[in-house]
Every structure is written in structure tokens, then in C-alpha cells.
Undergrad: 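I am attaching a structure below and will ask some questions about it afterwards.
Since the structure is predicted, the reported quantities are computational estimates derived from the model, not experimental observations. Per chain, numbering begins at 1; letters A, B, ... match sequence-line order.
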Amino acid sequence: MSKKFKDFSEEEKNIYRQNMRHSAAHVLAEAVTKIFPKAKVTLGPPIKDGFYYDFEVEKPFTPENLKDITKLMQKIINKNSLFVGREVSKADAFELVKGNQYKEEILESMEEDSLVTFWSHSNGEFEDLCRGGHVNSTGEIKSFKLLSTAGAYWRGDENNTMLQRIYGTAWESKEALKEYINRIEEAEKRDHRKLGKSLNLFFFDPIAPASPFFLPNGTIILSELEKYVKDLYNLYDYKEVITPQIFNTELWKRSGHYENYLENMFFVSIDKKEFGVKPMNCPAAALVYASEIHSYRDLPLRLADFGRLHRNERSGVTHGLTRVRSFSQDDAHIFCKFDQIQAEIENFLDMLNESYKTFKFDNIRFELSLRPEKRVGDENTWNESEKILKNILDKNNYKYSMQSGEGAFYGPKIDAFVPDAIGREWQLGTVQLDFSLPERFSLEYIEEDGSRQKPVVIHRAMLGSLERFLGVLIEHLSGNFPTWLSPVQAIIIPITDKHLDYSYDIYKQFKSKNIRIEIDESNERMNAKIRNAQLRKIPYMFIIGDNEMSSKTVSVRTRNGKETSSISRVDILEQVNSEILNRF
RNA sequence: GCCCUAGUAGCUCAGUUGGCUAGAGCAGCCGAUUUGUAAUCGGCAGGUCGCGGGUUCGAAUCCCCCCUAGGGCUCCA
């Protein structure tokens, strides 16, 4: 290449990497077809940070196979042969892919008279139906690594045959590859499943698959999260309700869940009647609303419900805390008049922004999902409501994209996404309009003129599932919770046991302010006590020795290694306390 | 649900082609030590080798079933 990679613009880099990764997929396909002549090639696109290629083979690939394939790929790359494209007619193309039903299917989906391109390298030893997007020659694939194998359905549809996929990554230099591997390792260190274990936050037991048990430490964090949300609810005028766990199936028929959500629900039988365990709170919220007659003066009515939900997720899709079968949400339903929608959603987004800031999540991005093909409600209502949502996003200068057709059947929605500390993006909050629920449950309010009107329902969650949010937060913070969330906020480390009495004194003082504090009374040396506290990621360590005892002070070490010797007890108490109260 | 991989002490892991009472470190308990910013020393105790079945003189190890967990299952020539 004439221009050096490092001089490329971000966009050029991306395109170059994509081409290189796609080229690597071709090289992978050549290696596989040479080692396994019966293998049928299918698709091999570049993906974020790498590429994959799906093959139809008799037996799944083994790690040994990957080694052989890697070797052969390196040989092909070393030969540095050119990628060459050619155009053929569709008829000729069918001749070329004969016997490969996957490629035939791809050809069939293409326009009638279009010309089809084939790309080859290794001087024609391998050729593949491909729209293009390669580097000039195989030698430009500087550094690659095959990562894993996996079963994958043709076109992602489980009714199709299962293919064998090989994932790989490729980079413009050895250093870039290494950096990428480091990034993966860093992510693994932050894995909430690992940290959850080492910090004693939660565990799983096969006796209740995909349902977390929260230990005292994890429970403290969840309670603090809930307390925080409740404080915001107080500020933003929400009312909290508590609703039942299981409902007669009649309810789920009425709400539509029996029709649309059946396979994700758990059912129990009581007195020969069928009951469903709630997977969502909305029908219960509707019942609460309907339990009284409402005047327009009551609206908007914001009903929060932390009720525990159960969803029967398919066995292969559950994952740590981020996809579980039993969880609670900071869920609420707002019942309002149509002309209150805008204010309500703006209000909610304000609260959402405020809360994300508290958790040090920046760069919120929104997605506005518009009407899907299958939907309820008249066109006018959709037009109006989509316009309202778009207005809100525009007016407040929120960063967002539009997803046409992705809305729920009952209304358009806005989802909030945030990147975490190492750049991975998570979907957290959501706000959805619902025109269906008021209909199904015949919800009404009495208008100023005495007429009966239908309210609009807004579903909204800020943090989403609290379990999932905790998982995300653990990875975002790498387990270093801010003081207000830390299960143990400070630990006193007496150097010898003659410092114990003074330590108790400090302990009582902090305890009386409701600070979660411990004394390390173990028969260990100070160094070991510090190490233990560090490993537990306790934000404050108070070292107590002769100096502190005689001057009635404490020496403070924070978990990031900052040391301050002999500061006044009142000062440090104030500091810790204000961090907690301000949720800093 | 489907494909692959894995499951040994509370945790992290050894356990070579089937072969002695299944090992280690950490954690735990007991004892000694009383120590200034990331591991003091010694001892003790701890295991249905995920569950069930089979092969074998003999199974953590080989085979089958089940359970659970992990990596995946259109970022579309």
C-alpha cells in the first residue's frame, strides 16, 4: 500500500480492517476446503474485531483442526497472492456453485439479470462467490488468530441445518492483535460472574437454574440501588405499589400474554385452575388503575412496581446476571392523557440522565423504534406519538438513531444505550407507549366535561432489571463500587491488639452514623490485613497504631493506594459520610 | 431448543496410556507471633471426583443417559 495504515483516517482504518478481515475469511475457507475437501463453504463476513466463516462439514471442528487450519492459512498468507475478481452471468454462476445449496440459495435471492462476482486468490486455487471488499493480496493480512468454533444455523434460523462456524480475528500488525487480546483479557477480569464470586455477591445453584442467590454483600448493593430509585421516585412523584405474583390465566388471556408470551411463562395449577407467574407487571398495574374511578385531575398517575418477575428463558440463552429467569425491575407505568405524553417522557428522560450520571455512565445514546408491520392503534395515533417522541429527542439534543419497524406492536419506544468503562455498549432504560393495554382492560378517566376517556399507558424502566444492572455495574466499575454502594464502606486495621480498644471507639462512632464499617481483628500482620481489604475492594482502610492512638487520629488508606496519615476523626467521618449521602 | 467444550475440597487448579489410602495453594479451625501501608510461621481438618447406569479383576480416567455451566446460533454474496 502506498499510504501507511497509521496515516489513515478512522473511517479508512475501519474499511481497511473490514476488507482485511473479510479477506482472512476467504483464506480460512481455502484452508478448510483443502484440509476437508467435502466441506461446503457458505458465508464469511467481517464482524466487529474479526471475522467468521460458516461451513457445512460432517464433523464439528476440533481445537486440533484449528491448529492445522491456522498453519495452512499462514502458508497461504506468506505466498502473498493477489485477490482477483471477475464477473459472470447468473447462469454461469449457478454452474460454478453447483452442488452447494447455500450458494445457490444466495444466487436465487439476487436480481434476475444481474452480473455476479467471484473472487479468487492463491492464483485461482480457491474461488468464492463474493460481492467483494478485499485487500490487494493475502500478505496484507498481517496478524490473525482463530478464536473459537461454534454451531450456527444457516441464516440464523433454527429450522435450517446447523453449520460449523469458525471465529477469528485479524489486525494490521502484531501489536494491534496483542492489544486486542489484552482487551479481551481485561474484559474477562471484569467478568461479573468472576467478581460476583470473589466478592461474595451472589451464586447460582443447579437446583434453581438461571436464578441468582444474593449473598449479604450483593443484597446490600441491590437494596442501595432500590433505595436510590425510590428516592428518585419521591422526587419525581411516583407512587409505589405491590402486586401479586401469580394470577389466574384469565388475566393473561385478557392482557394478550397468553397469546404472545406463552412459551416464556411459568404456570402452576391451584384447585384445578391454571395460574401464570407474572413475567411482566403491566396487567397488574392496569388492575390497580382500574380499582378506582379516576378523574382527569388524577393524571398523570405514576405507579412503580418492583415486583419479582419470572421468565422462562430458553436454556441456551441465560447468562450470569445479565439474562436470568427470576428478577425484578425498576418498573413503572404512567397513566396519562395523550397531551401529557411529551411532558411525562421528558420528565422520565431527565430522571434517567440524572441516574446514569450517578453511576458514571456517559455518552448515552438512544434508539427510537417506530411502528412495526403488525400493530394495534389507528394511523393517526401512531403518527402523532412518533412525532412526539422524535420531538423530545431533537429538542433536547439527544444522540439517537431511528429504527423503523422495531417498535412494539402496542406502541413506539425509546431505548437508552450506554458504553461501559471498556467501551462495550449496554441497553439499560426503555420507555414505551402503549395503546393496547387501556383498550384490553377498558381503562378510563372522567374528563373535565364529564365524558369517559381512555388514558395512555407509558411503560418505563431506568435501570431495567436490577440484577442485570448489577451485572453491568460490576463490569463497568470492575467491582470497585462507590462508597455508597460498597457492602463494607470502611475497615479498621489495628496494627496490634493493644490498638483494639481505640479501634472499637472509632467503630462505634462510624456505626452510629450508619456507616458499614468493620474491624479486622484477625491475628494477621498489618500488611496481610491491608491486602485482604484491597482484595475485597473496600474503599477506606483506617490504620490504627501507636501514633493514631496517642494523637486521637486515624491514618487513611484508600483502595486506590492513596495514603493520608493521622487525620482527625471528625474530618474523615465527614468525608465518608458526605460521599455516602451524596452518592458520589 | 440446537452445536461444541467443561464439571475433582468453600475457591483456583494438578491428577500422564484405567492400577496403591485422589494431591497442592488459598480460604477454614487450632497454636505460636504483636508486627507501620498488598500474603508471618507451624499444625489440624476438609472430597458421594455433577447425577444415574454400563464396560472391567479394577473407573476421577472408557461408553451411554440426564443435570448444570461456558462459547456460539444472519454484524447477511
Undergrad: Determine the contact category for E548(A): base if any of its heavy atoms lies under 4.0 Å from a base atom, sugar-phosphate if only primed atoms, P, OP1 or OP2 are that close, otherwise nothing.
TA: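 Base contact - E548(A) has a heavy atom under 4.0 Å of at least one base atom.
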
Undergrad: Have a look at D497(A) and say if it touches a base, only the backbone sugar-phosphate, or nothing, with a 4.0 Å heavy-atom cut-off.
TA: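 If one applies the 4.0 Å heavy-atom cut-off, D497(A) turns out to touch a base.
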
Undergrad: Step through it carefully: locate the ring centre of H134(A), locate the ring centre of W119(A), and say whether they are under 6.0 Å apart.
TA: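 So the answer is yes for these two rings.
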
Undergrad: Determine, stepwise, if the pair Y540(A) / Q489(A) fulfils side chain to side chain contact (heavy atoms under 4.5 Å, CB included).
TA: CA-CA 6 Å; Y540(A) 284 99; Q489(A) 295 165 320; over 6 Å; no

Undergrad: Send over the distance from N159(A) CG to C2(B) P, rounded to a whole Å.
TA: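 Rounded to the whole Å, the gap is 13 Å.
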
Undergrad: Within this structure, what is the CG-to-P distance between N160(A) and C3(B), rounded to whole angstrom?
TA: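 Interatomic distance, CG of N160(A) to P of C3(B): 15 Å.
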
Undergrad: Determine, using ring centers only, whether F51(A) and Y53(A) are less than 6.0 Å apart.
TA: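 No, too far apart.
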
Undergrad: Using the benzene-type ring in the case of Trp, are the ring centres of F5(A) and F8(A) under 6.0 Å apart?
TA: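 Yes; F8(A) has its ring centre under 6.0 Å from that of F5(A).
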
Undergrad: Starting at CD1 of I166(A) and ending at C1' of C4(B), how long is that distance when rounded to a whole Å?
TA: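 Rounded to the whole Å, the gap is 12 Å.
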
Undergrad: Taking atom P in both G50(B) and A6(B), what distance in whole Å separates the two?
TA: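 Comparing P positions in G50(B) and A6(B) gives a spacing of 13 Å.
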
Undergrad: Under a 3.5 Å cut-off for both contacts, is U68(B) paired Watson-Crick or G-U wobble with anything, and if yes, with which nucleotide?
TA: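 Matched U68(B) with A6(B) under the 3.5 Å cut-off.
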
Undergrad: Considering only NZ, NE, NH1 and NH2 on the basic side and carboxylate oxygens on the acidic side, decide whether D157(A) and R155(A) come within less than 4.0 Å.
TA: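 Looking at D157(A) and R155(A), the cut-off is not met.
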
Undergrad: What is the distance, to the nearest angstrom, from the CD1 atom on I491(A) to the P atom on A38(B)?
TA: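 My rounded result for the distance is 15 Å.
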
Undergrad: Across all strands, who's sitting opposite G25(B) as a Watson-Crick or G-U wobble pair, both distances under 3.5 Å?
TA: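 When the pairing criteria are applied, C11(B) turns out to be the nucleotide that pairs with G25(B).
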
Undergrad: For atom C1', what is the distance between G47(B) and A60(B), given to the nearest Å?
TA: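 G47(B) and A60(B) have their C1' atoms separated by 11 Å.
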
Undergrad: Report the nucleotide, chosen from A39(B), U37(B), G36(B), that has the shortest atom-to-atom distance to any side-chain atom of R531(A).
TA: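 Among the listed nucleotides, the one closest to the side chain of R531(A) is A39(B).
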
Undergrad: Could you state the atom-to-atom distance from CG of L500(A) to P of U34(B) in whole Å?
TA: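 Nearest whole value for this atom pair: 15 Å.
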
Undergrad: Is it true that D420(A) and R190(A) make a salt bridge, defined as a side-chain N closer than 4.0 Å to a carboxylate O?
TA: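 Salt bridge: no.
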
Undergrad: Tell me whether E185(A) is salt-bridged to K189(A), with the criterion being a basic N under 4.0 Å from an acidic carboxylate O.
TA: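 Salt bridge absent between E185(A) and K189(A).
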
Undergrad: Between E524(A) (CD) and C26(B) (P), how many Å, whole number?
TA: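 About 11 Å, once rounded to whole Å.
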
Undergrad: Ignoring hydrogens and angles, answer whether the base of A38(B) and the side-chain atoms of R557(A) contain a donor-acceptor pair closer than 3.5 Å.
TA: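 Counting by modelled atom types and ignoring angles, a donor-acceptor contact under 3.5 Å is found here.
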
Undergrad: What is the distance, to the nearest angstrom, from the CD atom on Q534(A) to the C1' atom on U37(B)?
TA: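 Result: 9 Å.
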
Undergrad: Is there a Watson-Crick or G-U wobble partner for U35(B) with both distances under 3.5 Å, and if so, which one is it?
TA: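 Looking at the geometry, U35(B) pairs with no nucleotide.
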
Undergrad: What is the nucleic acid contact for M541(A), judged by heavy atoms within less than 4.0 Å: base, sugar-phosphate only, or nothing?
TA: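 It contacts nothing in the nucleic acid.
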
Undergrad: Once you apply a heavy-atom cut-off of 4.0 Å, does K197(A) come out as touching a base, just sugar-phosphate, or nothing?
TA: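 Sugar-phosphate contact only.
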
Undergrad: Sticking with atom P, work out how far G43(B) lies from G52(B), rounded to a whole angstrom.
TA: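 Here G43(B) and G52(B) have their P atoms 36 Å from each other.
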
Undergrad: Taking pairing as Watson-Crick or G-U wobble with both contacts under 3.5 Å, can you name the mate of A45(B), or confirm there isn't one?
TA: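 Answer to the pairing question: none, since A45(B) forms no Watson-Crick or G-U pair.
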
Undergrad: Can you check each nucleotide of nucleotides 68-76 of chain B against protein heavy atoms at under 4.0 Å and return B for base, S for sugar-phosphate only, - for none, in 5' to 3' order?
TA: SSSBBBBBB

Undergrad: Classify N532(A) by what it touches in the nucleic acid, base, sugar-phosphate, or nothing, heavy-atom distance under 4.0 Å.
TA: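 Nothing: the residue N532(A), judged by heavy atoms under 4.0 Å, touches no strand.
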
Undergrad: Can you check the distance between A22(B) and A9(B), where both ends of the measurement are the P atom (answer in whole Å)?
TA: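 Going atom to atom, P in each nucleotide, I get 14 Å.
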
Undergrad: Classify D128(A) by what it touches in the nucleic acid, base, sugar-phosphate, or nothing, heavy-atom distance under 4.0 Å.
TA: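 Nothing, no nucleic acid heavy atom in range.
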
Undergrad: Looking only at atom P, what distance separates C66(B) and U5(B), rounded to whole Å?
TA: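 Rounded to whole Å, the distance is 16 Å.
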
Undergrad: Sticking with atom P, work out how far U40(B) lies from G53(B), rounded to a whole angstrom.
TA: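 47 Å, rounded to whole Å.
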
Undergrad: Among side-chain atoms of S122(A) and E30(A), is any donor-acceptor pair under 3.5 angstrom?
TA: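 Yes, a side-chain donor-acceptor pair sits under 3.5 Å.
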
Undergrad: Using the P atom in both, what is the distance from C73(B) to A14(B), to the nearest Å?
TA: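 To the nearest whole Å, 28 Å.
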
Undergrad: Expressed as a whole number of angstroms, how long is the span from N527(A):CG to G36(B):P?
TA: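 Answer to the nearest Å: 8 Å.
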
Undergrad: If U74(B) has a Watson-Crick or G-U wobble mate with both distances under 3.5 Å, name it; if not, just say none.
TA: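 Looking at the geometry, U74(B) pairs with no nucleotide.
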
Undergrad: For C51(B) and U8(B), measure between their P atoms and round to the nearest Å.
TA: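 Pairwise P distance, C51(B) against U8(B), rounds to 10 Å.
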
Undergrad: With a 4.0 Å cut-off, would you call E125(A) and K34(A) a salt bridge?
TA: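 Yes.
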
Undergrad: Identify, between I543(A) and T496(A), the residue whose nearest nucleotide on RNA chain B lies closer to the 5' end.
TA: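 Upstream on the strand: T496(A).
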
